[in-house]
Amino acid sequence: MKRQIRDRGLSNGYLPRNLFRLRKAALSRGTNLAILPQFYSKRRESTCYLDYKDHKIFWRLEWAFPHSINPITLYDERVDEETLLANCLDKYLLPQSTDTFQGQLDYYRSYGHAGVSVVVKDEGCPANVQKYILLKQYKSLKENFRKLTIIEYPKLIVVPNIHLYNYLG
């Protein structure tokens, strides 16, 4: 039988020990990590984990590119929290990166790092309010996620700077 620990967070019940430790480690970094109940698909897809030896969080990142020819969503599994946001974005923006996207990201690649911004939805505001927070590309994931509420794993939205006003209003 797995040992479970009572959690007073969003899960509204018991958490397995590994998820409790992950949530506690995120809280120590200033990030409010909310764990959903088991039957939610986002919980099943989550591969975020805490490396106990190095005490590092490895995130699953969901990248949304809403302004491409066909809006696409891509995933990065187990990204170290010390990685710079710009280094995570290199995989999709640099022209020499492997093009498995069949030209769907050419619009974003034409702008490069200076022409795009990364935003994340503010999960701490009411559901009827769409509020986004601008992340800094030159900072690590740990620094960018400080003072944020994340549900299971972050969804990062890559937006060209000319469309940024739609998100930051």
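Side chain of Arg78 to backbone of Phe58: no donor-acceptor contact under 3.5 angstrom is found. Checked by atom type and distance alone, the side chain of Arg44 pairs as donor or acceptor with a backbone atom of Phe39 at under 3.5 Å. The main-chain N or O of Phe145 is found under 3.5 Å from a side-chain atom of Thr31 such that the two form a donor-acceptor pair. Arg23 places no side-chain N or O within donor-acceptor distance of the main-chain N or O of Ile35, the cut-off being under 3.5 Å. With hydrogens and angles disregarded, no donor-acceptor distance shorter than 3.5 Å links the side chain of Arg146 to the backbone of Lys142.
Separation of atoms CG (Leu94) and CG (Leu89) is listed at 8.5 Å; rounding is to 0.5 Å. Leu105 contributes atom CG, which lies 9.0 Å from atom CD1 of Ile69 (distance to the nearest 0.5 angstrom). With values rounded to the nearest 0.5 angstrom, Glu152 atom CD is found 9.0 Å from Leu22 atom CG. With values rounded to the nearest 0.5 angstrom, Leu164 atom CG is found 11.0 Å from Ile157 atom CD1. In this structure, CD1 in Ile57 is found 7.0 Å from CG in Leu33, a value given to the nearest 0.5 Å.
Listed here is the closest heavy atom pair of Arg60 and Pro154: O-CD, 3.4 Å. Closest heavy-atom contact between Pro71 and Pro66: CG-O, 3.7 Å. Closest approach of Trp59 to Cys48, counting heavy atoms only: CE3-SG, 3.7 Å.
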Would you mind writing out the side-chain donor-acceptor pairs for residues 123-133 within the sub-3.5 Å range, not counting sequence neighbours?
| residue | atom | partner | partner atom | Å |
| --- | --- | --- | --- | --- |
| Gln130 | OE1 | Tyr132 | OH | 2.8 |

Side-chain donor-acceptor pairs of residues 114-121 under 3.5 Å, sequence neighbours excluded:
| residue | atom | partner | partner atom | Å |
| --- | --- | --- | --- | --- |
| Ser117 | OG | Asn161 | OD1 | 2.5 |

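By the neighbour-count criterion of 12 heavy atoms within 6.0 Å, atom NZ of Lys42 is densely surrounded, having more than that number from other residues, nucleotides or ligands.
The side chain to side chain donor-acceptor pair (under 3.5 Å) test applied to Asn87 returns no partner, not counting sequence neighbours. When the side chain to side chain donor-acceptor pair (under 3.5 Å) test is applied to Lys139, no partner is found at least two apart in sequence or on another chain. Residues satisfying the side chain to side chain donor-acceptor pair (under 3.5 Å) test with Glu143, not counting sequence neighbours, are none. With sequence neighbours left out, the side chain to side chain contact (heavy atoms under 4.5 Å, CB included) criterion links Ser28 to no other residue. Residues satisfying the salt bridge (charged side-chain N to carboxylate O under 4.0 Å, His left out) test with Asp80, not counting sequence neighbours, are Lys56. Partners of Asp76 according to the side chain to side chain contact (heavy atoms under 4.5 Å, CB included) rule, which considers only residues two or more places apart in sequence or in another chain, are Leu61, Trp63, Val79, Lys91, Tyr92. By the side chain to side chain contact (heavy atoms under 4.5 Å, CB included) test, Tyr107 pairs with His67, Tyr111, Pro160, Ile162, His163, sequence neighbours left out. A search for ring pair (Phe, Tyr, Trp, His ring centres under 6.0 Å) contacts involving Tyr40 returns nothing, not counting sequence neighbours. Among residues two or more places apart in sequence or in another chain, the side chain to side chain donor-acceptor pair (under 3.5 Å) test is passed with His113 by Asp90, Gln137.
Following chains of ILVMFWY side-chain contacts shorter than 4.5 Å, one can reach Leu156 starting from Leu74, so the two form part of one hydrophobic cluster. Phe20 is not connected to Leu27 by any chain of hydrophobic side-chain contacts under 4.5 Å among Ile, Leu, Val, Met, Phe, Trp and Tyr, and they are in different clusters.
Between the side chains of Thr47 and Glu77, at least one donor N or O sits under 3.5 Å from an acceptor N or O.
Members clustered with Tyr75: Tyr153, by chain and number, using a 4.5 Å side-chain heavy-atom cutoff among hydrophobic residues.
Between Cys88 and Leu141 there is a side-chain heavy-atom pair separated by less than 4.5 Å. Contact annotation: the side chain of Tyr108 approaches that of Ser68 to within less than 4.5 Å [non-hydrogen atoms, C-beta and beyond]. Residues Glu81 and Arg29 form a side-chain contact, since some pair of their non-hydrogen atoms from C-beta on lies under 4.5 Å apart. Counting heavy atoms from C-beta outward, Leu50 and Tyr52 have side chains that approach closer than 4.5 Å.
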